[in-house]
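Pasting a structure here, questions to come.
By convention here, the first residue in the shown sequence is residue 1. Source: prediction; values computed, not measured.
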Amino acid sequence: TFVGEWTAQSHPNSFPADDHFSSTILFTHNDQTQLYEEGQMASTGIEDMSEIGNNDALVNEIQAIINANNGLEFIVGNCCIAGNGTDALSINASQDFALLSYVAMIAPSPDWFTGISSAPLFVDGAWVESIEIDVIAYDAGTEEGNTFSYNNPETSPRQPIQKITEAPLGDGTSVSPRLGKLVIALLQ
């Protein structure tokens, strides 16, 4: 379950009137691939998701990973989750595909997204029964802007994906309090 915790009370600095997250994407995969990686360049799919909330290219990228036998399954959740909304999804994993990644656009924004990359679901020979993970706020490095706005100029040259630490979301060190969390529970 994705649980948004982004409100005018928790993050009052320039809080947008139309706060929301795009559709949640969950993906189970092995250690031979990643949906994204901090410090690396964003794929076209991550760029489209983070800039305009369009998941078509990202779904195609994920399907190619599955076709190459490095992913098991993905699911796209409901569209436009309120900043303090929730989205409950179920996804399959196996011991061969025991890593979970998650992304969703922070909106409105230039190219910001929340994510979790390669969270292990099978640890020390056993399935994780339950875990709560803070989602991280990232800048995809593809579009200029440091305000809650769309349609900004492209970043040239493109920059690597980086954690957001500056205003309006961050305090110079981190985004605190968190924007949300992913609550993962094993279903039998």
Could you tell me whether the side chains of Gln34 and Ser101 share a donor-acceptor contact shorter than 3.5 Å? no
Do Glu143 and Arg158 meet the salt-bridge criterion of a basic N to acidic O distance under 4.0 Å? no
Under 4.5 Å between any side-chain heavy atoms of Thr24 and Leu89, yes or no? yes
Would you say the ring centers of Tyr102 and Phe27 fall short of 6.0 Å from each other? no
Between Ser174 and Ser176, do the side chains contain a donor N or O and an acceptor N or O under 3.5 Å apart? no
Contact between Pro16 and Trp6 at the side-chain level, heavy atoms closer than 4.5 Å - yes or no? yes
Check whether the side chains of Asn152 and Glu144 place a donor and an acceptor atom closer than 3.5 Å, and report yes or no. no
With distance as the sole criterion, is a donor-acceptor pair present between the side chains of Asn54 and Asp48 under 3.5 Å? no
Indicate yes or no for a side-chain donor-acceptor contact from Gln159 to the backbone of Pro157 under 3.5 Å, with no hydrogens or angles considered. yes
Taking the side chain as everything from C-beta on, heavy atoms only, tell me whether Ile75 gets closer than 4.5 Å to Ile25. no
Close side-chain approach of Ile136 to Thr114, heavy-atom, < 4.5 Å: no
Please find out if less than 6.0 Å separates the ring center of Phe21 from that of Phe113. no
